[in-house]
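Note sheet for the following structure.
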Amino acid sequence: MSRTMTGARMVVEALRDQGVDTVFGYPGGAVLPIYDEIFQQNDITHILVRHEQGALHMAEGYARSTGKPGVVLVTSGPGATNAVTGLTDALLDSIPLVVLSGQVPTFMIGTDGFQEADTVGITRPCTKHNWLVKDTEQLAATIHKGFHVATSGRPGPVLIDIPKDVQFATGTYVGPKQVDTGRYQPARKGDLAAITRLVELMEQAERPILYTGGGVINSGPGASQLLRELAEATGFPVTSTLMGLGCYPASGDKWLGMLGMHGTYEANLAMHGCDLMINIGARFDDRITGRIADFSPGSVKAHIDIDPSSINKVVRVDVPIVGDVGHVLEDMLKVWKSRGRRTNSAGLQAWWAQIEGWRARNCLAFRNSDTIIKPQHALQRLEALTKDRDRYITTEVGQHQMWAAQYLGFEAPNRWMTSGGLGTMGYGLPASIGVQMAHPDALVINVAGDASWLMNMQEMGTAVQFRLPVKQFIMNNERLGMVRQWQQLLHGERYSQSWSDSLPDFVKLAEAFGCKGAQVRDPKDLDAAIQAMLDYDGPYILDVLVEKHENCFPMIPSGKPHNEMLMGEAETLGVIESEGAVLV
């Protein structure tokens, strides 16, 4: 039933009808009518952030951990421009967000009025779609279309820019079922002939591999279950991108670990040596492929992706299948079972023997210390003390992020939130707040580096205000760790601006925010310090002082193929002495 109401009221009604329970935002003059409506209702919780970038990352954490779109409300001008980093982050990692921004009144657009910016123009490259709504009659329908676009096909962020006079004016509200979502109806079912062709290749392959990505997780929990069924039934090994961790359980016996620049030895060599590569919901990112010309040179390649623009964008494939991962995997299993569940058992047996030989290299081994906390050891202990909990992990960006991916195990999807494509420092703390809002009774830990954590440290105020017990596990090496590592390997050990001088006392900083903090530097005290963090009923900052010059291995140097990995310090020294900056 249609109703007449103000544009501001329409916003709240539309969010309610879309099932939104949480909005992350920051008020300003151009959105005050909407904030006034938020004040007069109790169905939607508003989380007051300290910076609009934090709002976007909170919404990303909420969305990634629930599968539902995250919602953000910001004001015009600087409020909207502060959202650009989060929008770009969400676009590259396929995270569904609906961002509502205020705008100056329609009669002032183009006059350079106070806090005016061309928000639609600025955000066009970093959204799936955006709208400037100049007519209140179109506002509700546009919001509903926004949710449809954000969540259909390959998920991503959308932005709806709402002038202030549109918020004050009245119009007719329409519900989601009354809106024509238009021509944007992405295909969900894959081509059966292409799926059958892939099954034929699976039956013959001697050295197959399942290369999985964030698309498996975005497809929903059913897709991860189908992937597990496929791997167990066929006996094919499974690897994953950074964004796909958790789509196949880390304890599964077909799991090879993460692949790519800091992936495992066995995963990268299996990708290099396979004869059938089945890409399921990944996009052949450069952190995965290395040098394209030498990427898995002897394999037949299949690519399953709901986004047709991702097919053949980076790597030419032999069997392209456009469709939702869950639907395609379901059809693959049906076809494979109907044809007799055949695989090349002799070839697979030999393939697994080779893989086990690579596994025996134990590529994640490191030289531990009794006197200083090694970052790898810190994460091993964090894993041991939390793996049986209802746990969600977020990260900042840098060495600690890669170590977390290597040493923490994920048994289910939606438990790992990290910035992949954009590599946004400052992502993890606000993302952990978004996850905690979605899962109030769960353990939420942000694995951080000291430099990256400082990018959005102000959001600890949000955590304290809303009593969100997020745990900040800061691996403090007083360095921009990944920058320093690359300078050592590729720039002649010229450490330009990679030292973090004048770091704050994180324990005093925690006290200043009104939460709990502690510092640990001795390995023998590490377990007790982690346990104290876990036992504390509130937000907590644990400052873990780690080895300052530890490097993250394995590592594929930039521009090198998968079979040219650096495995440790001896090889690193050889690279520095023999090649210097040539690897760049």
Side-chain angles (χ1 to χ4, degrees), residues 364 366-387 389 391-409 416 418 425-429 431-432 443-457 460 463 469-485 498-513 515-536 538-553:
L364 297 182
F366 61 95
R367 185 178 300 141
N368 209 353
S369 170
D370 294 330
T371 58
I372 191 166
I373 298 173
K374 290 294 186 84
Q376 303 94 321
H377 176 66
L379 286 166
Q380 283 184 335
R381 297 314 305 154
L382 184 68
E383 168 73 2
L385 293 169
T386 64
K387 65 181 179 180
R389 303 276 296 268
R391 182 190 74 180
Y392 293 81
I393 298 290
T394 68
T395 78
E396 304 291 345
V397 168
Q399 285 179 316
H400 63 275
Q401 176 190 28
M402 296 298 105
W403 280 315
Q406 291 173 340
Y407 291 95
L408 301 181
W416 163 254
T418 196
M425 295 176 71
Y427 169 91
L429 166 54
S432 70
L443 171 63
V444 181
I445 304 172
N446 177 37
V447 176
D450 51 282
S452 193
W453 193 85
L454 290 174
M455 288 274 186
N456 274 316
M457 69 174 186
M460 281 306 293
V470 290
K471 313 303 181 187
Q472 306 301 308
F473 189 78
I474 300 176
M475 296 166 63
N476 186 351
N477 59 9
E478 300 179 4
R479 305 287 184 271
L480 311 183
M482 193 63 83
V483 172
R484 186 212 55 77
Q485 177 169 335
S498 55
W499 258 238
S500 294
D501 289 331
S502 302
L503 283 171
D505 182 325
F506 288 105
V507 177
K508 290 182 179 178
L509 192 62
E511 294 170 357
F513 276 114
C515 61
K516 181 73 172 176
Q519 184 183 86
V520 59
R521 66 173 66 235
D522 193 320
K524 71 176 186 299
D525 299 326
L526 180 61
D527 276 22
I530 293 174
Q531 194 60 53
M533 175 185 75
L534 300 177
D535 291 342
Y536 184 73
Y540 196 103
I541 298 173
L542 180 58
D543 183 17
V544 184
L545 302 184
V546 299
E547 166 62 50
K548 292 179 173 55
H549 297 125
E550 192 77 5
N551 284 330
C552 184
F553 293 112

Check [X] against [Y] and note the closest heavy-atom contact, atom names and distance.
| X | Y | answer |
| --- | --- | --- |
| Ile445 | Leu382 | CD1-CD1, 4.0 Å |
| Gln399 | Cys552 | NE2-N, 3.9 Å |
| Ile373 | Ala378 | CG2-CB, 3.9 Å |
| Leu408 | Leu379 | CD2-O, 3.6 Å |
| Gln519 | Val507 | N-CG2, 3.7 Å |
| Tyr540 | Ala518 | OH-CB, 3.3 Å |

Look up atom [atom1] in [X] and atom [atom2] in [Y], then write down how far apart they are to the nearest 0.5 Å.
| X | Y | atom1 | atom2 | value |
| --- | --- | --- | --- | --- |
| Arg389 | Leu534 | CZ | CG | 5.5 Å |
| Trp453 | Leu509 | CH2 | CG | 5.0 Å |
| Met533 | Leu385 | CE | CG | 9.0 Å |
| Ile541 | Lys516 | CD1 | NZ | 12.0 Å |
| Asn477 | Ser500 | CG | OG | 7.5 Å |
| His400 | Met475 | NE2 | CE | 8.0 Å |

Do [X] and [Y] have side chains that get closer than 4.5 Å, going by heavy atoms?
| X | Y | answer |
| --- | --- | --- |
| Asp450 | Arg479 | no |
| Leu454 | Pro504 | yes |
| Met482 | Gln401 | no |
| Arg381 | Pro523 | no |

Determine, stepwise, if the pair Arg484 / Asn551 fulfils side chain to side chain contact (heavy atoms under 4.5 Å, CB included). CA-CA 9 Å; Arg484 186 212 55 77; Asn551 284 330; 2.5 Å; yes
Is the backbone N or O of [Y] less than 3.5 Å from a side-chain atom of [X], with the two atoms forming a donor-acceptor pair by type?
| X | Y | result |
| --- | --- | --- |
| Ser369 | Ile372 | yes |
| Tyr407 | Pro375 | no |
| Lys548 | Asn476 | no |
| Thr394 | Gly428 | yes |
| Gln406 | Phe553 | yes |

Distance alone, cut at 3.5 Å: any donor-acceptor contact between the side chains of Gln376 and Glu550? yes
Could you tell me if Gln531 and Asp535 have a donor-acceptor pair between their side chains, going purely by distance under 3.5 Å? yes
Identified side-chain hydrogen bond (donor to acceptor under 3.5 Å, both in side chains) counterpart of Glu396 within the set Thr418, Asn446, Asn456: Asn446
Test side chain to side chain contact (heavy atoms under 4.5 Å, CB included) on Leu542 and Lys471 and set out the steps. CA-CA 8 Å; Leu542 180 58; Lys471 313 303 181 187; over 6 Å; no
Would you call the rings of Phe366 and His377 parallel, tilted or perpendicular, where under 30° means parallel and over 60° means perpendicular? tilted
Assess whether a salt bridge exists between Glu383 and Arg391, defined as any Lys/Arg side-chain N lying under 4.0 Å from an Asp/Glu carboxylate O. yes
